[in-house]
Asks: 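I have a structure here, written as structure tokens, and I will follow up with some questions on it.
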Amino acid sequence: MPSPAADSSPTTSVLALIAGDMVEVDRVIARRLDTGVPLVSHVSQYIISAGGKRLRPALLLLMAGALGYRGEQRFNLAAVVEFIHTATLLHDDVVDESTLRRGRPTANESFGNPASVLVGDFLYSRAFQMMLDANNMRVMQILAEATNIIAEGEVLQLMNMHDATLDESAYLRVIRSKTAKLFEASTRLAAVLAGADAATEEACASYGQALGTAFQVIDDVLDYEGDASETGKNVGDDLREGKTTLPLILAMQRAAPAQSALVRDAIETGDTTQLPHIVAIVRETGALEATRAAAAAEAQRAIDALSGFSANSHVQGLLQLAAQLLERRA
């Protein structure tokens, strides 16, 4: 079974800026996962401890630092966004029938679908309990809207399964709902906590949305050029699940008719017997380079969103995150 390689990426140095804050977030997470139902704690801890950079809570903490906010509520809301993200992972893996995440069996593979769905529900409801602690209606509004839009994105993706006619705008709508919305909410929450004006709040939200979009686009690239020992997932998993991602959309546009037909048939039927040929088509048509260029445009949009911010180490860290995202390998 592949396992993720040790993380030596430049992103690690950015996350070092908030290492102390993340310790506090972990304390909040541990305390709020304490429940009298052992299976809830067990499954929650299994997925939360599975690795990853905790990018969404990290973004909230980095943006709070960028805006000079040092209040305790940043730890609580960072834990909230991690709980919401974890709940979506649990439900995602059930819907996608995934067996591998970050190099080890998914929770549904280890504990079964019922436990994964119900513990995901627990994490959502716990997150809503915790957001009340902020005693701020704007915080509630942002997180309620984000959770609803994420659910809409999940349904959109389900509707789009095995649809080879999906175009780039429909693809972007899904990922901006399903993935980028929680990035956007995380950075917007930091602005609200800091008492920032409306223009600054929108700049923070734009940064989060653009970064989240770029993150997902790169993730879709890695499905066709990644190494399972680094990514913790198998090459071609998206195609296997019937997802029409940007590399496939661009490959079908660029390939010869017979090659496009092969890709289209694989999307529509879920047949992966031709997977090596399809991966070769995606690579040979330049679809991966074009997809990376789309991610680069989003990363630049994130950088541009912070152009009016006063320089400090946390702002610099946010800029570095956007610039380094294109080097992402896992």
Asks: Please determine if Arg176 and Glu298 form a salt bridge, counting it only when a charged side-chain N lies under 4.0 Å from a carboxylate O.
Replies: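 Yes.
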Asks: Can you list everything that forms a side chain to side chain contact (heavy atoms under 4.5 Å, CB included) with Val37? Sequence neighbours excluded, please.
Replies: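 Val37 satisfies side chain to side chain contact (heavy atoms under 4.5 Å, CB included) with Thr35, Val40 only.
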Asks: Can you list every pair that meets salt bridge (Lys or Arg N to Asp or Glu O under 4.0 Å) and has a residue in residues 257-274, with sequence neighbours left out?
Replies: none
Asks: Among all residues two or more places apart in sequence or in another chain, which pass the salt bridge (Lys or Arg N to Asp or Glu O under 4.0 Å) test with Arg27?
Replies: Glu24
Asks: Just to verify, what does Glu184 make a salt bridge (Lys or Arg N to Asp or Glu O under 4.0 Å) with, not counting sequence neighbours?
Replies: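 With neighbours one apart ignored, the set is Lys181, Arg188.
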Asks: Could you work out, with side chain to side chain contact (heavy atoms under 4.5 Å, CB included) as the rule, every residue matching His42, not counting sequence neighbours?
Replies: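 Expected list: Phe111.
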Asks: Going by the rule salt bridge (Lys or Arg N to Asp or Glu O under 4.0 Å), which residues pair with Arg32 if we only count those two or more places apart in sequence or in a different chain?
Replies: Asp133
Asks: What side-chain donor-acceptor pairs closer than 3.5 Å can you find for residues 116-124, not counting sequence neighbours?
Replies:
| from | atom 1 | to | atom 2 | distance (Å) |
| --- | --- | --- | --- | --- |
| Ser116 | OG | Asn108 | N | 3.1 |
| Ser116 | OG | Gly112 | O | 3.3 |
| Asp121 | OD1 | His91 | NE2 | 3.4 |

Asks: Without placing hydrogens or testing angles, list every side-chain donor-acceptor pair under 3.5 Å for residues 138-150, not counting sequence neighbours.
Replies:
| from | atom 1 | to | atom 2 | distance (Å) |
| --- | --- | --- | --- | --- |
| Arg138 | NH1 | Gln141 | OE1 | 2.7 |
| Arg138 | NH2 | Glu201 | OE2 | 2.6 |
| Thr147 | OG1 | Leu143 | O | 2.7 |

Asks: Using the salt bridge (charged side-chain N to carboxylate O under 4.0 Å, His left out) rule, pick out the option among Arg56, Arg54, Arg126 that qualifies with Glu82.
Replies: Arg54
Asks: Which residue pairs pass the ring-ring contact (aromatic ring centres under 6.0 Å, His included) test when at least one of the two sits in residues 148-171, sequence neighbours left out?
Replies: none
Asks: Under 3.5 Å, which donor-acceptor pairs link side chains of residues 307-314 to any protein atom two or more places apart or in another chain?
Replies:
| from | atom 1 | to | atom 2 | distance (Å) |
| --- | --- | --- | --- | --- |
| Ser307 | OG | Asp304 | O | 3.0 |
| Asn312 | OD1 | His314 | N | 3.0 |
| Asn312 | OD1 | Val315 | N | 2.8 |
| Asn312 | ND2 | Ala66 | O | 3.1 |

Asks: Determine which pairs satisfy salt bridge (Lys or Arg N to Asp or Glu O under 4.0 Å) with at least one residue from residues 315-324, sequence neighbours left out, and list them in order.
Replies: none
Asks: Verify the distance criterion only: is there a donor paired with an acceptor across the side chains of Asn160 and Gln157 at less than 3.5 Å?
Replies: no
Asks: Could Lys243 and Asp96 be called an ion pair, given the rule that one side-chain N must be under 4.0 Å from one carboxylate O?
Replies: yes
Asks: Got a sec, which residues hit side chain to side chain contact (heavy atoms under 4.5 Å, CB included) with Ser206, two or more places apart in sequence or on another chain?
Replies: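 With neighbours one apart ignored, the set is Ala305.
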